[in-house]
Amino acid sequence: MSRSRRASRLVLASCTALAVLATLAAPGVQAQEAAAPSPAAYAAAQTRWHDAFAAFDKADRENPPASDGVLFVGSSTIRLWTRLADDFRSQPVVINRGFGGSTMADCSLFARELVVRYRPRQVVVYAGDNDLAEGRTPFQVLESFAQFANTVRAGLPNTRISFISVKPSPSRAGLLPKIQETNHIVGAYLRTQANTDYIDIFTPMLGADGRPRAELFRADMLHMNETGYRIWQAAIAPYLLAPADVAAVNSPR
């Protein structure tokens, strides 16, 4: 596909996405989207992620995290970020709630357990590439993210929501067009929403040839090494708000 045709496709995708999300944000619909999933779907997901959530519960009992922190949630890229709290040590409270293999659909399903219960001032979410690898479309990722955001908003109306763009990895180079489309339409949606961020890590992870930079990844060419995480740290840090910043954002004007 030529560059001009790809750009036209992304513009069309953005317009369609905004029309879809305008419907999601309409009065009465947002509350429905934030409602609990079907009991059967929720029970199946609870069974699948039992061990991960049991580990979170154990960690909370042993070291209860304070509220008003910065919470990172998402797939294995977040879970494997073992230096997360050190990398953002200027933040008084940093919580890691990544669970490996998860999707944006999973994050949406468990938004109350993963986010709302901790009452953070900011949530930073990374998910989406597993959804695409499992065959979901960019629009489905967008819908899952919108549902996630609506659930967070319903419980924590002043919490800032920051979306990390889907990363380009060599092992999933075949998904690059869908990854770009996902990032484009989620970014377009976020530009219509208050108190949100779109954090671009896609661009700095590409080489001059437009391909994913292999030197940023482990041997599996899917999960990042320390060099990759340094890029993420630099990209994310400017978006993390201190408590005083959040108070200023939420104060009456």
Side-chain angles (χ1 to χ4, degrees), residues 25 30-31 33-37 42 45-46 49-100 102-127 144-164 190 193-199 229 232-233 235-253:
Q30 183 165 324
E33 291 299 324
Y42 190 73
Q46 280 187 312
W49 298 113
H50 174 271
D51 291 347
F53 282 84
F56 294 155
D57 289 340
K58 181 174 183 291
D60 290 346
R61 289 194 302 271
E62 294 176 351
N63 187 23
S67 60
D68 200 39
V70 178
L71 186 145
F72 288 75
V73 64
S75 59
S76 56
T77 300
I78 299 299
R79 182 181 66 83
L80 295 172
W81 199 339
T82 56
R83 290 176 47 86
L84 188 63
D86 288 336
D87 286 344
F88 300 110
R89 63 178 64 89
S90 63
Q91 299 297 321
V93 178
V94 176
I95 305 171
N96 187 327
R97 286 299 174 263
F99 53 125
S102 62
T103 61
M104 185 62 77
D106 292 318
C107 292
S108 172
L109 194 64
F110 293 112
R112 292 182 182 86
E113 294 88 338
L114 289 168
V115 181
V116 176
R117 66 181 290 188
Y118 296 102
R119 306 194 66 79
R121 68 173 177 273
Q122 183 172 8
V123 55
V124 183
V125 57
Y126 177 78
S144 292
F145 174 70
Q147 291 164 357
F148 171 88
N150 286 342
T151 300
V152 173
R153 282 280 182 263
L156 305 169
N158 294 324
T159 291
R160 191 168 191 86
I161 300 173
S162 303
F163 175 85
I164 303 172
L190 287 171
Q193 304 297 302
N195 205 17
T196 63
D197 303 299
Y198 173 83
I199 304 175
Y229 279 114
W232 278 44
Q233 178 189 20
I236 294 169
Y239 290 93
L240 299 189
L241 300 180
D245 297 323
V246 176
V249 168
N250 294 326
S251 64
R253 296 183 182 276

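The first residue of the sequence shown is numbered 1, and numbering continues consecutively from there. Here the structure is a predicted model, which is why all the values come from computation and not from measurement. Hydrogens, waters and symmetry mates play no part in the numbers below; they use all other heavy atoms, side chains included.
For the atom pair CG of Leu114 and CG of Asp106, the computed distance is 9.0 Å after rounding to the nearest 0.5 Å. The line from CD1 of Ile161 to CD of Gln193 is 8.5 Å long, rounded to the nearest 0.5 Å. Here the CE atom belonging to Met104 is positioned 9.0 Å from the OH atom belonging to Tyr126, to the nearest 0.5 angstrom. Rounding to the nearest 0.5 Å gives a distance of 6.0 Å between CZ of Phe99 and CH2 of Trp49.
The two residues Val94 and Phe88 come nearest to each other via the heavy atoms CG2-O, 3.8 Å. Closest approach of Leu241 to Gln91, counting heavy atoms only: O-OE1, 3.3 Å. Pro120 and Leu156 get closest at one heavy-atom pair: CD-CD1, 3.7 Å. When every heavy atom of Ala111 is checked against every heavy atom of Thr151, the shortest pair comes out as CB-CG2, 3.7 Å. The nearest pair of heavy atoms linking Ala45 to Leu109 is CB-CD2, 3.1 Å. Here the closest heavy-atom approach between residue Ile95 and residue Pro65 is recorded as CD1-CB, 3.7 Å.
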- Derivation of the side chain to side chain contact (heavy atoms under 4.5 Å, CB included) call for Thr196 and Arg153: CA-CA 11 Å; Thr196 63; Arg153 282 280 182 263; 3.5 Å; yes
- Task: Could you go through the side chain to side chain contact (heavy atoms under 4.5 Å, CB included) check for Ile199 and Trp232 one step at a time?
- Result: CA-CA 9 Å; Ile199 304 175; Trp232 278 44; over 6 Å; no
- Task: Might you work through the side chain to side chain contact (heavy atoms under 4.5 Å, CB included) test for Tyr118 and Val123, ending with a clear yes or no?
- Result: CA-CA 10 Å; Tyr118 296 102; Val123 55; over 6 Å; no
- Output, in order, the C-alpha distance, side-chain angles, deciding distance and verdict of side chain to side chain contact (heavy atoms under 4.5 Å, CB included) for Phe56 and Arg97. CA-CA 7 Å; Phe56 294 155; Arg97 286 299 174 263; 3.5 Å; yes
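Gln122 has its side chain within reach of Asp197: a pair of non-hydrogen atoms, C-beta onward, lies under 4.5 Å apart. Between Arg89 and Asp86, some side-chain heavy-atom pair lies under the 4.5 Å cut-off. Between Phe145 and Val125 there is a side-chain heavy-atom pair separated by less than 4.5 Å. For the pair Val93/Asp68, no side-chain contact is recorded, criterion being any heavy-atom separation below 4.5 Å from C-beta on. Leu240 is listed as a side-chain neighbour of Val124, based on a closest heavy-atom distance under 4.5 Å.
By the 30° and 60° cut-offs, the orientation of the rings of Phe163 relative to Tyr198 is parallel.
Other residues, nucleotides and ligands place no more than 12 heavy atoms under 6.0 Å from the CZ atom of Arg119.
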Residues 72-84 side chain polar contacts: donor-acceptor under 3.5 Å, at least two apart:
{"unit_1": "Ser76", "atom_1": "OG", "unit_2": "His223", "atom_2": "NE2", "d": "2.9"}
{"unit_1": "Thr77", "atom_1": "OG1", "unit_2": "Lys167", "atom_2": "NZ", "d": "3.1"}
{"unit_1": "Trp81", "atom_1": "NE1", "unit_2": "Asp87", "atom_2": "OD2", "d": "2.8"}

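Although no hydrogens or angles enter the test, the distance criterion places no donor-acceptor pair under 3.5 Å between the side chain of Asn63 and the main chain of Ala59.
Applying the side-chain contact (heavy atoms from CB on, under 4.5 Å) test to Ala105 and every residue at least two apart in sequence or in another chain returns Thr103, Asp131, Arg136, Ser144.
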